[in-house]
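Single-structure report; data block below.
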Amino acid sequence: MDIMFIIGPVLFLIIAPIFGGLLTGCDRILTARFQSRVGPPLLQPFYDVAKLWHKEKAFSNPVEIIFTTAYLVLIAFSGAMIATGGNLLFVVFSLALAHTFLILAAYAANAPFSHIGAERELLSLMIVEPILILLAAGCFMVTGSFGTYPMLMLDVPGIVFLPGVFIAFIAVLTLKLRKSPFDISTSHHAHQELVKGVTSSLSGRSLAKVEIAHWYEMILFLSLILLFFGGHPVMSAVMIVLVFLLEIIIDNVFPRVTWKMTVKSLWLVTLIFGVGNIVILGIFGGMFL
Amino acid sequence: MYPPELIAILILLLVPVCAAVLLAVFKPDLVRNILVGITSVIIIGTSIFLAWKALLAPVSVTLENAEWISLLLFIVEIAVAVVILGLSIKYRKILPFILSVIQLMLIVRLELFGIGKPEVIQTFMVNNLSVVMVLIIGIIGTLICVYALGYMKDYHEHQIGVPVRKRYFFALMFLFLSAMFGLVLSNNLMWILCAWEVTTLCSFLLIGYSRTPEAVNNAFRAVWMNLIGGICFTLAITFLLRLNSPVNLLSVDSLIHFPNVSVLTIPLAFIAIAGLTKAAQMPFSTWLTGAMVAPTPVSALLHSSTMVKAGVYLLVLFAPLFSQTWVGVFLALIGAFTFVVTSALAISQSNAKKVLAYSTIANLGLITACAGIGTPEAIMAAILLIIFHAVAKALLFLCVGAVEHKIGSRDIEDMDGLLVRLPLLSMMMVIGICGMYLAPFGMLISKWAAFQAFVSAPLGYVFIALLAFGSAFTIFFWTKWLGKLFMRMNKPPAEKIALHISEKISVIIMGVLVVGCCLGFPAIISGVIDPYLLTIRPYFIVTNAGFQYLDTLVMLALMAIILLFLVLGAFLGSKAGKTIPPYMGGRAVDTEGRFLGSLGVYKEAKTSNYYLEEYCGEKTLLKPSWILSTILIVIMLVLGFMGVMIWI
């Protein structure tokens, strides 16, 4: 435990971007295959970021440098907190802070496209917040602590107690992995400026930082799946792969979902599955545990 | 010779009244400035002294001749009722008139027949909760009065046609401070009731300051809603007096420590309603949003940082009793429900003062929820929320007020790029907003504490769910405001507009206070709140979950350090690079950020924030939530009359 307190976060900080980049590469190849294309090489995301990093520094507002840095640092920090076994609620709050910085960067860019992107990113932040809080509350109800390690030490995997929360979590993961919906803050599908939203005014290093932060965030969210299958490494690994594939499929099957539909559908899922799960756990908690 | 604590208390109660009288007499601005300055220094100094004394050892003093004071206060209450009656007749308002008559009859009946022979009770009790309130009223309240000196000058320059009644205005402000001190320092419920009524009257008169039809209407709405609270308070006392009890139940101290809570449920339910009206919870929220027509210092003093705190103060005071009853659970439900609904409503507002008003109600809802749950963790969260909300919200109000006079609008859409146009004010505004919702600042810490309290409370899962959605709304409306401040940084700074020195002083001190409270919150918890919890803990159902204190502190500290580096980086870091015009879909853009339109004319690109009117608008949300919350209140009353207790 004590060693993990140091090793965990360090490992996360080093490994997460590597895995994140590789996953993005896989994603791009798979998506291309779905659309009968060949797709870029696996390492393309790294090439992209490396190229971005060496571009000329240009910005419409210098504060974006610090805002994007803050975004990257805080996302990495939140991930590291999870790896130390830290307080899940704290992670939720610090993620919200990180995204606030990304949104501020988009606001500061002072262009209509990025402003709309900022609003949509804000929406997605709002959509995701409740389920993350419910997840933290659910973990507390199961283990009596907001820490992440107790969830991993359970004899019975957490999903037995939190199936509804898991479903709701998977649903909002689509949003967090920047998959569907089509017109929310910044999609991977670069068809037009509006869709690139938050990042439409960023370039060079700022954009590279946002990209790396996204890798971190992807791994962070996928690693939250571990909470549901703690203590069962094989099952966790299988589930993470399955979830990731599922997200790619969802992305390609529902390419045109508007933000209104997103808010409604995701909050409905959160309400029915997430809240329902918590309420049932709250009522019968004593019997299960 | 009186002990120093008693002298301090008497200073706090009487000096503002004397100042009010003097302010009502003298007209010249210079005299007023000096008077307000001196009084403020006295009040701030005395409240800090009293707080220091009370933190060392709880103060409890008895005054001789308490009967005479009671008689005097009875006359004051009648006077309050008569003023409200008179104004109701003058403006032909039926509802306030009827309610005021009922209130008057109840009070007279209570004074003449209710109270038997006066028993000796402690006159003043200063526990740590009162200390918090005394500091809030003493420091924040007076700072707002100081701010008002400069503000009112500008106010009358902007509001042509509003009669200048500064004497009346400042006299009422200080009268109000005195009433607030009375409310938090007295130990006698009758005295608290009197102070309660005086605050109602002051806020009524101050909301109607400008005498425009809108102001008059809103003032009367405030008064009838608060009268309902007053009536409920009086009924609570009436029911308390009907109980057979070995101790005097009019004494707050013995009431809190009363062993058999099951007989207290009826008065508790009435006190809960009284608290709900004053704290502007659903369905009584409209008086607070309506009160925003008043000059900004009034909004800041009465309706965000101090007066509404009277309502939640009462609820938090009786929280140990609520914790054992179903009345408390429903009180908490109303609070949590209000938190969600008003946070959503705040999304739909672009008027900065209205956003602040709704966020105030939301935060009070959270405090109410904590008070209703009433576990030690919940009370800790409630007190933290009271402190952080008071400082941050006061700061925000002062900023909005000053900004309004400088840019001529209180609409958030007009605040884009404020950071360049009015650096000091918007810097303070950023501090205030961050203090309201972002990690690792104050409100977030208290919200965190509230989470910890809710998860282990009975029916906690309901509260968690409500809180989860409520916080999501909170993030939405604060962030879009914050974003506006950072927009259009390439605009030139506004022409030199001087801020009044009094405004500058108050705003800066308030900003320092916000930061100080955020940094010093561990000290607040261990120095103020923990001792308070210890004094009331024996009457609690003991819960097991604690605030994971050290871990939390370490993480918060880490985060604060990261933020510190980022802020340093923002000021010192290299900004080397090419500044390019904002991206406008490839159109040519000129130096002011306008794009080249199709007819060869440069046009400004305008985008505004999302307001989600369709889902969060007042039209959509207000009515259903009134109905729902009224049902909850009725259930709470019924449960109170049935005397249902929580079994654990």
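Throughout, a chain's letter reflects where its sequence line sits, starting with A, and its residues are numbered from 1. Remember, predicted model here, so these are calculated numbers, not experimental data.
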Please classify the contact of [X] with chain A as side chain, backbone, both or neither, using a heavy-atom distance under 4.5 Å.
X        : result
B:Tyr437 : side chain
B:Leu556 : both
B:Ile347 : side chain
B:Thr474 : neither

Side chain, backbone, both or neither: which part of [X] has a non-hydrogen atom closer than 4.5 Å to chain B?
X        : result
A:Leu125 : side chain
A:Ile103 : side chain
A:Ala109 : backbone
A:Ile131 : neither
A:Val279 : both
A:Phe59  : both

| Is A:Lys57 close to A:Ile65 at the side-chain level, that is, under 4.5 Å between some pair of heavy atoms? |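 A side-chain contact under 4.5 Å is absent here.
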| message | B:Phe595: which residues meet the ring-ring contact (aromatic ring centres under 6.0 Å, His included) condition with it, sequence neighbours left out? | response | none
| note | Counting heavy-atom pairs under 4.5 angstrom with chain B, the leader among A:Phe67, A:Phe77, A:Phe101 is A:Phe77
| Under the side-chain contact (heavy atoms from CB on, under 4.5 Å) test, residues paired with A:Leu207 that sit two or more places apart | A:Leu52, A:Thr199, A:Leu202
| For the candidates B:Leu612, B:Val462, B:Ile562, which exhibits the highest count of non-hydrogen atom pairs separated by less than 4.5 Å from chain A? | B:Ile562
